[in-house]
Student: 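What follows is a structure written as structure tokens; I'll ask about it next.
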Amino acid sequence: TKPDWIKGNSPIKKRLNITAELKRYASDPLFPLLIKIREEKKAGSLFLSDDISRYASAYTFYYLSLERFLPALGYAVRWEKGLRYIKGRGEKFTPSQKKFSEKYHAAKRYFEYDFFNFLLHARILMDRVAGISRIFLNSRNLPSFTSFSDHKKFFHKLSQPYGEHEEYAKYIRENTDWFEMPLKEVRDHYLVHQGPSHMLNFGYRDDEWDLFLHIMIPKEKNNLSATDNIFVSVPQLARDIEVFLHWFNDYGLKSMDTNVVQQNKAG
């Protein structure tokens, strides 16, 4: 549990197995749902894009951003926790340490770029997910299918249960706080649009295995003695999105099967 003066998500404590993380993310959690949609609802076109192809492209770019960032994160944390101090004491690297140092410095140049690139593609991915939901949400009162932010606001504003899809509405309301903070907040106000005056730096803690972004926003102009603080961990955000996509896939499959049964009974 974070104190009130810290917003955002929590850095990963346990050492990451980068290879295992990337292997999980290489498989799109929505793949079974996309296949079912193509086979039963919406055939694709060789020439025209649609919700399915736009989502698939977004997930590919999202994964590629992780494929670049996570190995760099591993290099950076290992450097900060070990090799930095060897060099600081004036000692020589072993051949393996020297090789690792070269990998770290090659990745270091792009670290901040890749960090923010992930946030951009994560936000695009969430907007594309909203488009997929139009396949199985069959109410007369429908949310936005182009913006996940507006999609989520729609369910927060409902004054009554959302019919047979109240389970969907409840999940969106109660289990996607990570979308507003840190994903939307940081992407909108500290990356794409001009936000409040702030300071950015990457940091780590000895008991954690993550190099996280720390955003400090002064409560008074040019006064860093009192600040609001946002922490952003890419590995944690990727895990939150992974959990959501698996849930979304299962819900979509279940809803499509339910719709088929209802149509057969009506027929």
Side-chain angles (χ1 to χ4, degrees), residues 9 19-70 117-139 142-155 162 164-180 182-184 187 234-261:
N9 57 13
T19 301
E21 293 283 304
L22 288 176
K23 185 177 181 179
R24 284 205 330 273
Y25 299 136
S27 299
D28 183 352
L30 259 61
F31 188 70
L33 176 59
L34 301 184
I35 292 298
K36 189 176 183 68
I37 293 171
R38 278 284 185 246
E39 291 178 347
E40 299 181 9
K41 288 283 188 178
K42 196 172 186 180
S45 168
L46 294 176
F47 306 102
L48 301 176
S49 66
D50 60 8
D51 290 330
I52 309 301
S53 61
R54 284 191 290 270
Y55 167 82
S57 294
Y59 191 87
T60 297
F61 290 162
Y62 169 80
Y63 171 74
L64 290 175
S65 69
L66 281 171
E67 192 177 50
R68 276 180 56 110
F69 180 78
L70 288 183
N117 194 45
F118 168 81
L119 295 184
L120 288 172
H121 286 294
R123 176 61 193 277
I124 293 170
L125 178 71
M126 294 306 298
D127 289 343
R128 298 293 185 256
V129 170
I132 301 298
S133 68
R134 76 167 77 236
I135 301 297
F136 54 81
L137 293 181
N138 52 9
S139 172
L142 294 171
S144 168
F145 294 123
T146 58
S147 164
F148 189 81
S149 178
D150 292 340
H151 191 83
K152 185 172 166 63
K153 288 176 183 176
F154 170 86
F155 294 110
Y162 194 56
E164 65 183 271
H165 291 292
E166 174 58 19
E167 178 188 347
Y168 182 91
K170 187 173 187 292
Y171 188 96
I172 297 296
R173 285 193 298 265
E174 298 180 1
N175 294 280
T176 57
D177 288 347
W178 47 264
F179 174 79
E180 270 85 20
L183 178 55
K184 182 178 183 298
R187 180 266 182 195
V234 164
Q236 183 57 57
L237 188 53
R239 290 181 178 185
D240 289 335
I241 292 173
E242 178 188 24
V243 170
F244 169 76
L245 292 179
H246 278 293
W247 174 85
F248 187 95
N249 176 76
D250 293 343
Y251 187 89
L253 291 174
K254 180 178 68 175
S255 295
M256 288 183 66
D257 288 340
T258 300
N259 291 341
V260 169
V261 171

Student: Are Ile172 and Phe148 packed together at the side-chain level, in the sense that at least one heavy-atom pair is separated by less than 4.5 angstrom?
Tutor: yes

Student: With heavy-atom distances below 4.5 Å as the criterion, would you say the side chains of Phe118 and Leu66 are in contact?
Tutor: yes

Student: One thing to verify: whether Arg54 and Asp127 come together as a salt bridge, which I'm taking to mean a side-chain N less than 4.0 angstrom from a carboxylate O.
Tutor: no

Student: What I'd like to find out is whether the side chain of Asn249 reaches to under 4.5 Å of the side chain of Asp28, using heavy atoms alone.
Tutor: no

Student: Can you measure from OH (Tyr162) to CG (Leu142) and round to the nearest 0.5 angstrom?
Tutor: 4.5 Å

Student: Restricting to non-hydrogen atoms, name the atom on Ser65 and the atom on Asn117 that form the minimum distance, rounded to 0.1 Å.
Tutor: CB-ND2, 4.0 Å

Student: Give the C-alpha distance, both sets of side-chain angles, the deciding distance and a yes or no for side chain to side chain contact (heavy atoms under 4.5 Å, CB included) between Ile124 and Arg128.
Tutor: CA-CA 6 Å; Ile124 293 170; Arg128 298 293 185 256; 4.3 Å; yes

Student: Any chance you could measure Glu242, atom CD, to Arg24, atom CZ, to the nearest 0.5 Å?
Tutor: 4.0 Å

Student: So Ile37 and Ile132, do their side chains get closer than 4.5 Å, heavy atoms only?
Tutor: yes

Student: Report the distance from atom CG of Leu253 to atom CD1 of Ile35, rounding to the nearest 0.5 Å.
Tutor: 11.0 Å

Student: Would Lys36 and Glu40 pass as an ion pair if we require N to O under 4.0 Å?
Tutor: yes

Student: Using modelled atom types and a 3.5 Å cut-off, is there a donor and acceptor pairing between side-chain atoms of Thr176 and backbone atoms of Phe179?
Tutor: no

Student: Of all the heavy-atom pairs spanning Arg239 and Glu21, show the shortest one and how long it is.
Tutor: NH2-OE2, 3.0 Å

Student: Closest approach of Leu30 and Leu245, non-hydrogen atoms and distance?
Tutor: CD1-O, 3.2 Å

Student: Considering the options Phe61, Tyr59, Tyr62, which one meets the ring-ring contact (aromatic ring centres under 6.0 Å, His included) requirement together with His121?
Tutor: Phe61

Student: Angle between ring planes, Tyr168 versus Tyr251, binned at 30° and 60°: parallel, tilted or perpendicular?
Tutor: tilted

Student: To the closest 0.5 Å, what do you measure between CD (Glu164) and OG (Ser255)?
Tutor: 7.5 Å

Student: Between OG1 of Thr146 and CZ of Arg134, what distance do you get to the nearest 0.5 Å?
Tutor: 8.0 Å

Student: Do Leu34 and Arg38 come close enough that some side-chain heavy atom pair is under 4.5 Å?
Tutor: no

Student: Looking only at heavy atoms, what is the nearest atom pair of Ala130 and Ser144, with distance?
Tutor: CB-O, 4.2 Å

Student: Would you sort out whether Leu64 and Arg68 count as a side chain to side chain contact (heavy atoms under 4.5 Å, CB included), showing the intermediate values?
Tutor: CA-CA 6 Å; Leu64 290 175; Arg68 276 180 56 110; over 6 Å; no

Student: What pair of heavy atoms forms the shortest contact from Asn175 to Lys170, and how long is it?
Tutor: ND2-O, 4.3 Å

Student: Check whether any side-chain heavy atom of Lys42 lies under 4.5 Å from a side-chain heavy atom of Asp51, and answer yes or no.
Tutor: yes

Student: Using the rule given for side chain to side chain contact (heavy atoms under 4.5 Å, CB included), can you reason through His151 versus Leu137, listing the C-alpha separation, both sets of side-chain angles and the distance that settles it, and then say yes or no?
Tutor: CA-CA 12 Å; His151 191 83; Leu137 293 181; 4.2 Å; yes

Student: Looking at side-chain heavy atoms only, is the closest gap between Pro143 and Phe155 below 4.5 Å?
Tutor: yes

Student: Between Lys153 and Glu180, does any NZ, NE, NH1 or NH2 come within less than 4.0 Å of an OD or OE carboxylate oxygen?
Tutor: no

Student: Measuring only between side-chain heavy atoms, which start at C-beta, is Lys254 closer than 4.5 Å to Glu167?
Tutor: yes

Student: Is the distance from the ring center of Phe136 to that of Phe248 below 6.0 Å?
Tutor: yes

